[in-house]
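Below is one structure, written out as structure tokens; comments come after it.
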Amino acid sequence: MSSDQVQIGVIGGSGLYHLDNLTFIKHVNPETPWGFPSSPISICSLPSGARVAFLARHGTGHSINPSAVPARANIAALKSLGAHTVLAFSAVGSLREEIAPGDFVLPTQIVDRTKGVRPASFFEGTSVVAHAAFGDPFSTKLVQWLEREVAKALEGRGVKLHTDKTIVCMEGPQFSTRAESILYRNWGCDIINMSVLPEAKLAREAELAYALIATATDYDAWRPHEETVTAAEVFKTLKTNAETSRHVAATILEDLHAADFLKDEVGSMKFSIMPRSEAQKDEDRQKLAYVLPDYFS
Ligand SMILES: CSC[C@H]1O[C@H](OP(=O)(O)O)[C@H](O)[C@@H]1O
Ligand SMILES: Nc1ncnc2[nH]cnc12
């Protein structure tokens, strides 16, 4: 593979709008069948010359509401650049006392509390039906690798890493009520955001290895006798969390680039797509070929 080829995509969330500790090469802005990504994508170079594609989920000026993030275009654009793996960063609320603002979390499960207003499948609106497996919503090998490597990258920085947690994704943009926050705790959820879905579902459909590096900013609304979360509270830790995230990214990306499991998700949709039939329109198959060329070209 030429070093020009991107293998890893990084999605930055609230507060993380660039990876300026990597060497910037150029901006690209691919138009996908689902429109343009949230922002032009920065192609950056690692010290070895390997290239990484970085995309700001809410746009570089944070102008896109969580419900309006063009997640299909984002995932499709990263795949079109050659990415097999997507590392997504996200600012999250904590539903557990032991997960403090400033801590990092690697979730392994998701509870969906979005409201059906976000297009959540590349197959939506087409004549092709597919049911991706989503029991393990993050790439298991990638998460296991991150558990070791992120822990190493955080050594000496006084930042705690929590693993094997459950994230609930709410619709927003308003934060939760106290009752909802307590309910999510009772459901076994540990952290909350407004972004991991449909991003993780779309990455699975596109056969990308996807994991979320969550950075806690607040205690949401479940703590009795404490103020509930406000955007101002979130902003207090965003800058430090973003600096730590950039350090983590710069530390792990080189080794991740060399990892042998990057393409493990490739082939995972093979038995998820309903067999070819006369009813499948050519135009839909062409559209889907953008993200799944192995099945639709
Ligand atoms: C700015 S607070 C709520 C906002 O922050 C998180 O964004 P991201 O996941 O992109 O870091 C959360 O999901 C909400 O969209
Ligand atoms: N408390 C919270 N709820 C939802 N998304 C968040 N992102 C950061 N904090 C959050």
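Every number for a ligand or one of its atoms is a count from 1 in the order of the listing. By convention here, the first residue in the shown sequence is residue 1.
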Counting each atom of ligand 2 from 1 as listed, which ones have a heavy atom of [X] under 4.0 Å away?
X	result
Asp220	1 (N), 2 (C), 3 (N)
Asp218	1 (N), 2 (C), 8 (C), 9 (N), 10 (C)
Asn193	4 (C), 5 (N)
Phe175	1 (N), 2 (C), 3 (N), 10 (C)
Gly93	1 (N), 2 (C), 6 (C), 8 (C), 9 (N), 10 (C)
Thr217	8 (C), 9 (N)
Met170	4 (C)
Val229	1 (N)

Minimum-distance protein heavy atom relative to [atom]:
atom	result
atom 6 (C) of ligand 2	Ile192 O, 3.7 Å
atom 10 (O) of ligand 1	His58 NE2, 2.5 Å
atom 4 (C) of ligand 1	Ser14 OG, 3.7 Å
atom 7 (N) of ligand 2	Ala91 O, 3.0 Å

Subset of ligand 1 atoms that lie under 4.0 Å from at least one heavy atom of [X]:
X	result
Pro66	15 (O)
Arg57	8 (P), 9 (O), 10 (O), 11 (O)
Ser90	8 (P), 9 (O), 11 (O)

Under 4.0 Å between a side-chain nitrogen and a carboxylate oxygen: does that hold for Glu243 and Arg246?
no
Which is it for Asn193 and ligand 1 at heavy atoms under 4.0 Å: side chain, backbone, both or neither?
both
Under a 4.0 Å heavy-atom limit, does Ser195 contact ligand 1 with its side chain, its backbone, both, or neither?
both
A side-chain contact here means heavy atoms from C-beta on lying under 4.5 Å apart; do Ser176 and Asp220 qualify?
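Side chain of Ser176 against side chain of Asp220, heavy atoms only: contact under 4.5 Å found.
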Qualifying residue, where the test is side chain to side chain contact (heavy atoms under 4.5 Å, CB included) with Phe89 and the options are Ser14, Ser195, Ser245
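Exactly one candidate clears the test, Ser245.
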Just distances here: any N/O of Ala91 and N/O of ligand 1 closer than 3.5 Å?
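Looking only at distances, the answer is yes, because the N/O contact criterion of under 3.5 Å is met.
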